[in-house]
Amino acid sequence: MTLSLADVDALAERAHRGQIDKIGEPYVEHVRAVAHGVRPFGTGLAMAGLLHDTLEDTGLTAADLHSAGVPSAVVALVERLTHRPEVPYEEMVRQVATDYAATLVKIADNAHNSLAERAAQLPQERRAQLAAKYGGAREILWRAVPRSDVEAVVRRVNPALLRDGER
């Protein structure tokens, strides 16, 4: 069974049903924004964008994704993007940055998480913590792929990062 991007979107919607993000929005909208950011790089990356948080934030496993018909390459990419609690965040980002496709998805994730209008809804202390965390990740991620690819992703998700000269 070959899944379409729409099928994977529906899978992500079911997986994240009832979940909300840091600002109270349906979580599925975050993964859709990430998928949108990497869509120009192919359906597989868009699928990984939709599923990038399923292993971390839902009850689904890699075996469940395989059983649902998600392509093996997409499942492997989702596994690479999954942050495990025993691995410090910066180390996970460094590991992700060794893989081109994973880096693009993580750049889209970071860009969406860094949207000013989203951050503005958080308490100042949390906003500062996340700005430092995501800024540090950009230092690593943006150096790992060609600048034109960074711009292609960020332009679709959070173009203000490019205008601000963020790195």
Side-chain angles (χ1 to χ4, degrees), residues 3 5 8-9 11-12 15-16 19 21-22 27-68 70-115 118-119 126-158 161-162 164-167:
L3 294 183
L5 188 57
V8 173
D9 181 89
L11 175 62
H16 292 290
Q19 293 180 340
D21 64 14
K22 295 181 212 49
Y27 198 84
V28 71
E29 297 308 321
H30 166 68
V31 299
R32 285 177 173 151
V34 173
H36 174 74
V38 295
R39 184 65 184 101
F41 295 90
T43 301
L45 260 67
M47 287 178 174
L50 286 166
L51 298 173
H52 79 276
D53 280 336
T54 53
L55 302 182
E56 188 175 328
D57 294 336
T58 76
L60 291 179
T61 65
D64 294 330
L65 296 180
H66 283 293
S67 294
V70 176
S72 293
V74 172
V75 175
L77 185 51
V78 171
E79 288 180 303
R80 180 174 281 280
L81 288 159
T82 299
H83 183 208
R84 290 169 175 70
E86 69 275 8
V87 178
Y89 179 77
E90 186 175 325
E91 177 57 30
M92 181 270 301
V93 170
R94 288 187 190 290
Q95 290 171 7
V96 164
T98 66
D99 179 279
Y100 174 78
T103 301
L104 292 178
V105 175
K106 195 65 181 166
I107 287 170
D109 179 39
N110 178 290
H112 189 254
N113 284 330
S114 300
L115 282 166
R118 290 173 54 81
R126 183 70 176 139
R127 195 176 332 153
Q129 290 169 340
L130 291 174
K133 173 183 174 179
Y134 297 141
R138 282 192 297 278
E139 287 287 329
I140 297 165
L141 296 167
W142 287 24
R143 291 182 180 145
V145 296
R147 176 70 182 192
S148 59
D149 293 348
V150 171
E151 291 174 358
V153 172
V154 174
R155 192 174 300 114
R156 294 174 65 88
V157 181
N158 186 352
L161 290 177
L162 298 172
D164 296 342
E166 282 283 338
R167 260 248 173 233

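Taken to the nearest 0.5 Å, the OH atom of Tyr89 stands 6.0 Å off from the OH atom of Tyr134. The structure places CG of Asp57 at 11.0 Å from NE2 of His83, a figure rounded to the nearest 0.5 Å. Annotation: the span from Asn110 atom CG to Trp142 atom CH2 amounts to 8.0 Å, rounded to 0.5 Å. Here the CG atom belonging to Leu65 is positioned 11.5 Å from the CE atom belonging to Met47, to the nearest 0.5 angstrom. Distance CG/Leu50 to OG1/Thr43: 10.5 Å, rounded to 0.5 Å. The distance from atom NE2 of His16 to atom CG of Leu11, rounded to the nearest 0.5 Å, is 8.5 Å.
Across Leu55 and Ala62, no two heavy atoms sit closer than the pair CD2-N, 3.4 Å. Nearest heavy-atom pair, Ala111 versus Val154, reported as atom, atom and distance to 0.1 Å: CB-CG2, 4.4 Å. For the residue pair Ala97 and Ala144, the shortest heavy atom distance occurs at O-CB, 3.5 Å. Of all the heavy atoms in Arg156 and His36, the pair that sits closest is NE-O, 2.7 Å. Minimum heavy-atom separation, Ala108 to Gly37: CB-CA, 4.4 Å. Of all non-hydrogen atoms in Thr54 and Ala15, the two that sit nearest each other are CG2-CB, 4.0 Å.
Listed by chain and number, the residues in a ring-ring contact (aromatic ring centres under 6.0 Å, His included) with His30 are Tyr27, His52, His112 (sequence neighbours excluded). Remark: Glu151 engages Arg147, Arg155, Leu162 in a side-chain contact (heavy atoms from CB on, under 4.5 Å) (not counting sequence neighbours). In this structure, Pro85 has no side-chain contact (heavy atoms from CB on, under 4.5 Å) partners at least two apart in sequence or on a different chain. Contacts of Asp64 classified as side-chain contact (heavy atoms from CB on, under 4.5 Å), with partners at least two apart in sequence or in another chain: Leu60, Thr61.
Looking at Thr103, its side chain does come within 3.5 Å of a backbone N or O of Val96 through a donor-acceptor pair. Looking at Asp53, its side chain never comes within 3.5 Å of a backbone N or O of Glu56 through a donor-acceptor pair. Between the side chain of Arg80 and the backbone N or O of Ala102 there is no donor-acceptor pair closer than 3.5 Å. Of the possible donor and acceptor atoms, one in the side chain of Asn113 sits under 3.5 Å from a partner among the backbone N and O of Asp109.
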Using the side chain to side chain contact (heavy atoms under 4.5 Å, CB included) rule, take Val31 and Val28 through it: C-alpha gap first, then chi angles, then the decisive distance, then the call. CA-CA 5 Å; Val31 299; Val28 71; 4.0 Å; yes
Apply side chain to side chain contact (heavy atoms under 4.5 Å, CB included) to the pair Val157 and Val34, showing each step before the final yes or no. CA-CA 7 Å; Val157 181; Val34 173; over 6 Å; no
Steps toward side chain to side chain contact (heavy atoms under 4.5 Å, CB included) verdict (Met92, Leu81): CA-CA 8 Å; Met92 181 270 301; Leu81 288 159; over 6 Å; no
Might you work through the side chain to side chain contact (heavy atoms under 4.5 Å, CB included) test for Val105 and Phe41, ending with a clear yes or no? CA-CA 10 Å; Val105 175; Phe41 295 90; over 6 Å; no
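The stretch residues 82-91 participates, sequence neighbours left out, in these salt bridge (charged side-chain N to carboxylate O under 4.0 Å, His left out) pairs: Glu90-Arg94. Here salt bridge (charged side-chain N to carboxylate O under 4.0 Å, His left out) pairs that include residues 29-52, with residues two or more places apart or in two chains, are Asp9-Arg32, Glu13-Arg32, Glu29-Arg32.
The shortest distance between side-chain heavy atoms of Leu104 and Leu45 falls below 4.5 Å. You'll find the side chain of Leu51 reaches within 4.5 Å of the side chain of Val70, heavy atoms only. Put simply, the side chain of Val78 reaches to within 4.5 Å of the side chain of Thr82, judged on heavy atoms.
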